[in-house]
Amino acid sequence: MKSLSMAHGRFRWRETGTGDPLVLLHGWSMSHAVFDELATLLEGDFRLLIPDLPGHGRSDPLEPCSFKAMAQLLKDWLAEIGCQKVTLLGWSLGGQLALQLASETTTLIERLILISSTACFCARPDWQAGLPAGELRALKRGLKRRYLATLGEFFDLQF
């Protein structure tokens, strides 16, 4: 893992491969490790930059945390490591963050790839794949009361 000291604290990422830069942004409660298998397939064709988003994996939290603040952190990081143009792949939370970045800059992102980036956690008549509203409220309470255990439960729901 590479590390950079930034205004908010330590920001860490995995870097591997050669070629044009491809940034992989993970989903909520995940880390760079979620892309390990994909990275082995792509590292011959791309310079892969796979960060732990703030408050995830080994990166320090960002306070206050917002999409705008995280997007600024990513722009600062990419400038610091010399990336002027990137392909950006975002999954879930990472996709939301990629959309935020794309809305703020027209020069940094050459290509944008989104995977499940407009997630809807709550079930509704036109979206049955979400959680019932009561379970979503319980998840929110759990994050406040027993954060790590709730993250584990969320992980089990996904995988």
Side-chain angles (χ1 to χ4, degrees), residues 1-122 127 129-130 136 139-140 143 147-148 150-152 154-159:
M1 291 286 293
K2 292 191 172 193
S3 179
L4 188 62
S5 183
M6 301 186 76
H8 83 286
R10 300 303 293 173
F11 184 73
R12 292 176 169 84
W13 72 96
R14 177 178 173 213
E15 185 170 339
T16 186
T18 58
D20 293 333
L22 171 58
V23 178
L24 305 177
L25 301 176
H26 61 78
W28 181 73
S29 81
M30 298 289 121
S31 74
H32 74 279
V34 76
F35 290 119
D36 282 354
E37 189 174 343
L38 181 61
T40 62
L41 299 172
L42 298 176
E43 64 189 1
D45 299 313
F46 296 96
R47 175 187 176 198
L48 297 171
L49 302 163
I50 316 169
D52 281 344
L53 294 175
H56 294 75
R58 295 181 181 158
S59 287
D60 291 340
L62 183 61
E63 295 294 336
C65 188
S66 68
F67 283 118
K68 192 165 193 63
M70 285 194 287
Q72 186 60 54
L73 175 110
L74 289 174
K75 285 189 281 189
D76 293 346
W77 164 62
L78 289 168
E80 182 71 29
I81 63 172
C83 287
Q84 297 174 346
K85 285 270 187 203
V86 299
T87 295
L88 192 57
L89 180 148
W91 166 55
S92 194
L93 168 68
Q96 288 289 310
L97 186 52
L99 287 167
Q100 178 71 38
L101 261 166
S103 75
E104 294 180 7
T105 179
T106 58
T107 58
L108 176 64
I109 301 170
E110 192 167 32
R111 289 179 193 87
L112 182 62
I113 304 164
L114 303 173
I115 303 168
S116 299
S117 295
T118 55
C120 180
F121 283 106
C122 194
W127 182 254
L136 195 57
L139 179 66
K140 184 178 177 179
L143 287 170
Y147 184 76
L148 289 177
T150 302
L151 284 183
F154 182 75
F155 186 87
D156 289 344
L157 276 175
Q158 290 185 90
F159 302 104

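Taking both residues in full, the closest heavy atoms of Arg47 and Gly19 are given as CB-O, 3.4 Å, listed atom of the first, atom of the second, then distance. Across all their heavy atoms, Trp13 and Ser3 have their closest contact at CZ3-C, 3.8 Å. The shortest heavy-atom contact between Cys122 and Leu136 is CB-CD2, 3.6 Å. Contact detail for Ala69 and Pro64: the closest heavy-atom pair is CB-O, 3.9 Å. Among all heavy-atom pairs drawn from Ile109 and Arg111, the shortest one is CG2-O, 3.2 Å.
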Problem set entry | Intermediate values then yes/no, side-chain contact (heavy atoms from CB on, under 4.5 Å), Leu74 and Phe11 | CA-CA 10 Å; Leu74 289 174; Phe11 184 73; 3.8 Å; yes
Exercise. Should Arg14 and Leu48 be marked as a side-chain contact (heavy atoms from CB on, under 4.5 Å) after you check the CA-CA gap, both sets of side-chain angles, and the distance that decides it?
Worked result: CA-CA 8 Å; Arg14 177 178 173 213; Leu48 297 171; over 6 Å; no
Exercise. Would Leu143 and Lys140 count as a side-chain contact (heavy atoms from CB on, under 4.5 Å) if you check the C-alpha gap in whole Å, the side-chain angles of each, and the deciding distance to 0.1 Å?
Worked result: CA-CA 5 Å; Leu143 287 170; Lys140 184 178 177 179; 5.6 Å; no
For this session: Please lay out, stage by stage, how Thr87 and Asp20 fare under the test side-chain contact (heavy atoms from CB on, under 4.5 Å).
Result: CA-CA 8 Å; Thr87 295; Asp20 293 333; 5.9 Å; no
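Remark: side-chain polar atoms of His26 are not paired, donor with acceptor, to backbone N or O of Phe35 under 3.5 angstrom. Formation of a donor-acceptor pair under 3.5 Å by the His32 side chain with backbone atoms of Pro51 is not found in this model. Side chain of Thr40 to backbone of Leu38: no donor-acceptor contact under 3.5 angstrom is found. The backbone N or O of Arg12 sits less than 3.5 Å from a side-chain atom of Ser59, completing a donor-acceptor pair. Asp60 places a side-chain N or O within 3.5 Å of a backbone atom of Arg10 that can act as its donor or acceptor partner.
For Arg58, the CZ atom counts as loosely surrounded, since its 6.0 Å shell holds 12 or fewer non-hydrogen atoms of other residues, nucleotides or ligands. Counting heavy atoms of neighbouring residues, nucleotides and ligands inside a 6.0 Å radius, atom NZ of Lys85 exceeds 12 of them. Heavy-atom neighbours of Glu80 CD from other residues, nucleotides or ligands within 6.0 Å: at or below the threshold of 12.
Looking at heavy atoms from C-beta onward, Leu53 lies out of side-chain contact with Leu62 at the 4.5 angstrom threshold. Taking 4.5 Å as the limit, some side-chain heavy atom of Trp28 sits within range of a side-chain heavy atom of Leu151. The shortest distance between side-chain heavy atoms of Leu93 and Phe67 falls below 4.5 Å. When side chains are defined from C-beta on, Ile81 does not count as touching Lys2, because their heavy atoms never get closer than 4.5 Å.
Here the SG atom belonging to Cys83 is positioned 11.5 Å from the CD atom belonging to Glu110, to the nearest 0.5 angstrom. For the atom pair CG of Leu97 and OG of Ser66, the computed distance is 10.0 Å after rounding to the nearest 0.5 Å. Interatomic distance, CG of Leu89 versus CG of Leu49, reported as 12.5 Å (0.5 Å rounding). Atom CG of residue Leu108 and atom CG of residue Leu88 lie 7.5 Å apart, to the nearest 0.5 angstrom. To the nearest 0.5 angstrom, Lys75 atom NZ is 6.5 Å from Thr105 atom OG1. Atom OG of residue Ser117 and atom CG of residue Leu99 lie 6.0 Å apart, to the nearest 0.5 angstrom.
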